[in-house]
Student: 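After the structure tokens below, expect a handful of questions from me.
Just so it is clear: chains get the letters A, B, ... in the order the sequence lines come, proteins before strands, and each one is counted from 1.
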Protein chains: 2
Amino acid sequence: MGNPTPQDFVNMRVAIEEAEESLRTGGIPIGAALFRGTELLGKGHNQRVQLENPILHGETDCLQNVGRIGSYRGTTMYSTLMPCFMCGGTIVQFRIPRLVVGEARSFPGSGEFMESHGVEVVDLGMEKCSSMMSRFIEEHPQLWAEDIGEL
Amino acid sequence: MGNPTPQDFVNMRVAIEEAEESLRTGGIPIGAALFRGTELLGKGHNQRVQLENPILHGETDCLQNVGRIGSYRGTTMYSTLMPCFMCGGTIVQFRIPRLVVGEARSFPGSGEFMESHGVEVVDLGMEKCSSMMSRFIEEHPQLWAEDIGEL
């Protein structure tokens, strides 16, 4: 596990706002944002419910919104929750070198897999993120099971 | 590696048609189709060029078109080429139990990773698929490098 910088907490706010926006619009509260230093390249949130789209998790929706930028060198992905294997595989394949997550308590995801492929993974362990997620999972167990392929 | 059935070659035709359609519309010639037995659930192709979308590879475009089907139990994904880590991670996360590829010569992809997560991987080793792909890579090396995160 890598260490966070003060800027990581600032950048993470964008991902948290995305998660909150998703919750407000009836969706799964997971948000993501891609930065290069302090520059925001794009952001997104889970769209399974809103767009009936199973491949748009926070991270993939974010990368779709970022568009074709060529190389991802020097970028950091921020996600409110540890990414699943779809999103972890995407981070590995796109060679995004660094990932900062709000929390990994609600879902272990693909953290070890990403680290074994050289991604620096940082966990901010934010109570705000884990309480939002654990409340959602408790209230919508079926939807959550669907989103992580456990139906 | 698993063994192919005669039906696999029939189903793969749908993925090959998708790859050819992508080539005709100026895109990367990789296609995919999701079946349950002989029932086609959906199909798709790489849309990086056509939609300027980096997350729509053959397999993810296919799954987007399939939509929310709940469980993927009993399904087989067909892809003209061995999937990358984004698409391999998606197959693992969605618990798609079986993957049949047209070829794995042009790109080793995430075959071992998927097998280590219990996915049955079958390689049809089709000359038609590998010649289409190797010609494309030779003619568009930059675009191919972009699509697999090697820029």
Side-chain angles (χ1 to χ4, degrees), chain A residues 28 32 34 41-42 44 47-73 75 82-97 107-110 112-114 116-119 142-143 145-151, chain B residues 28 32 34 41-42 44 47-73 75 82-97 107-110 112-114 116-119 142-143 145-151:
Chain A
I28 301 172
L34 190 73
L41 302 178
Q47 301 271 16
R48 175 177 295 273
V49 174
Q50 296 94 326
L51 300 180
E52 296 282 337
N53 190 329
I55 67 157
L56 291 180
H57 283 192
E59 300 85 345
T60 45
D61 186 49
C62 170
L63 290 167
Q64 176 169 279
N65 293 335
V66 166
R68 288 172 69 183
I69 59 166
S71 170
Y72 293 84
R73 218 165 294 146
T75 61
M82 183 63 84
C84 77
F85 279 103
M86 172 172 71
C87 298
T90 305
I91 288 165
V92 166
Q93 192 67 47
F94 286 25
R95 303 201 182 190
I96 293 171
F107 182 59
S110 64
E112 282 182 29
F113 160 73
M114 287 183 283
S116 77
H117 282 268
V119 179
Q142 276 292 106
L143 183 52
E146 181 190 340
D147 203 52
I148 56 171
E150 293 192 349
L151 279 186
Chain B
I28 300 173
L34 190 72
L41 301 177
Q47 300 271 16
R48 176 176 295 271
V49 173
Q50 296 93 327
L51 301 180
E52 296 282 336
N53 190 329
I55 69 157
L56 291 179
H57 282 192
E59 301 85 344
T60 45
D61 186 49
C62 170
L63 290 167
Q64 176 169 279
N65 293 335
V66 166
R68 289 172 67 183
I69 59 167
S71 170
Y72 293 83
R73 217 165 296 147
T75 62
M82 183 63 84
C84 77
F85 279 104
M86 171 172 72
C87 297
T90 305
I91 288 165
V92 165
Q93 192 67 48
F94 286 26
R95 304 203 181 188
I96 293 171
F107 182 61
S110 64
E112 282 181 29
F113 159 74
M114 288 183 283
S116 77
H117 282 268
V119 179
Q142 277 292 105
L143 183 53
E146 181 190 339
D147 203 51
I148 56 173
E150 293 192 349
L151 278 186

Student: Is any residue of residues 58-65 of chain A within less than 4.5 Å of chain B by heavy atoms, and which ones?
Tutor: A:Thr60, A:Leu63, A:Gln64
Student: Just jot down the side chain to side chain donor-acceptor pair (under 3.5 Å) partners of A:Arg95, sequence neighbours excluded, or say none.
Tutor: B:Glu150
Student: Any heavy-atom pair between the side chains of A:Asp147 and A:His57 that's under 4.5 Å?
Tutor: yes
Student: Tell me the closest heavy-atom pair linking A:Phe107 and B:Gln93, and the distance in Å.
Tutor: CZ-NE2, 4.1 Å
Student: Any idea which of A:Ser110, A:Ala145, A:Gly67 has the most non-hydrogen atom pairs under 4.5 angstrom with chain B?
Tutor: A:Gly67
Student: Mind checking what makes ring pair (Phe, Tyr, Trp, His ring centres under 6.0 Å) contact with B:Phe113, not counting sequence neighbours?
Tutor: A:Phe85, A:Phe113, B:Phe85, B:His117
Student: Closer than 3.5 angstrom, by distance alone: can the side chain of B:Thr75 be matched with the main-chain N or O of B:Ile96 as a donor-acceptor pair?
Tutor: no
Student: Check whether B:Arg48 gets within reach of chain A through its side chain, its backbone, both or neither, counting any heavy atom under 4.5 Å.
Tutor: both
Student: Specify the closest pair of heavy atoms between A:Met114 and A:Ile91, including all atoms of both residues, with the distance to one decimal.
Tutor: SD-CD1, 4.0 Å
Student: Provide the closest heavy-atom pair for A:Thr90 versus B:Met86 in the form atom of the first, atom of the second, distance.
Tutor: OG1-CG, 3.0 Å
Student: Using a heavy-atom cutoff of under 4.5 Å, enumerate the residues of residues 49-56 of chain B that contact chain A, numbered in order, or state 'none'.
Tutor: B:Val49, B:Glu52, B:Asn53, B:Pro54, B:Ile55, B:Leu56
Student: Calculate, to the nearest 0.5 Å, the distance between atoms CZ and CZ belonging to A:Phe94 and A:Arg73 respectively.
Tutor: 15.0 Å
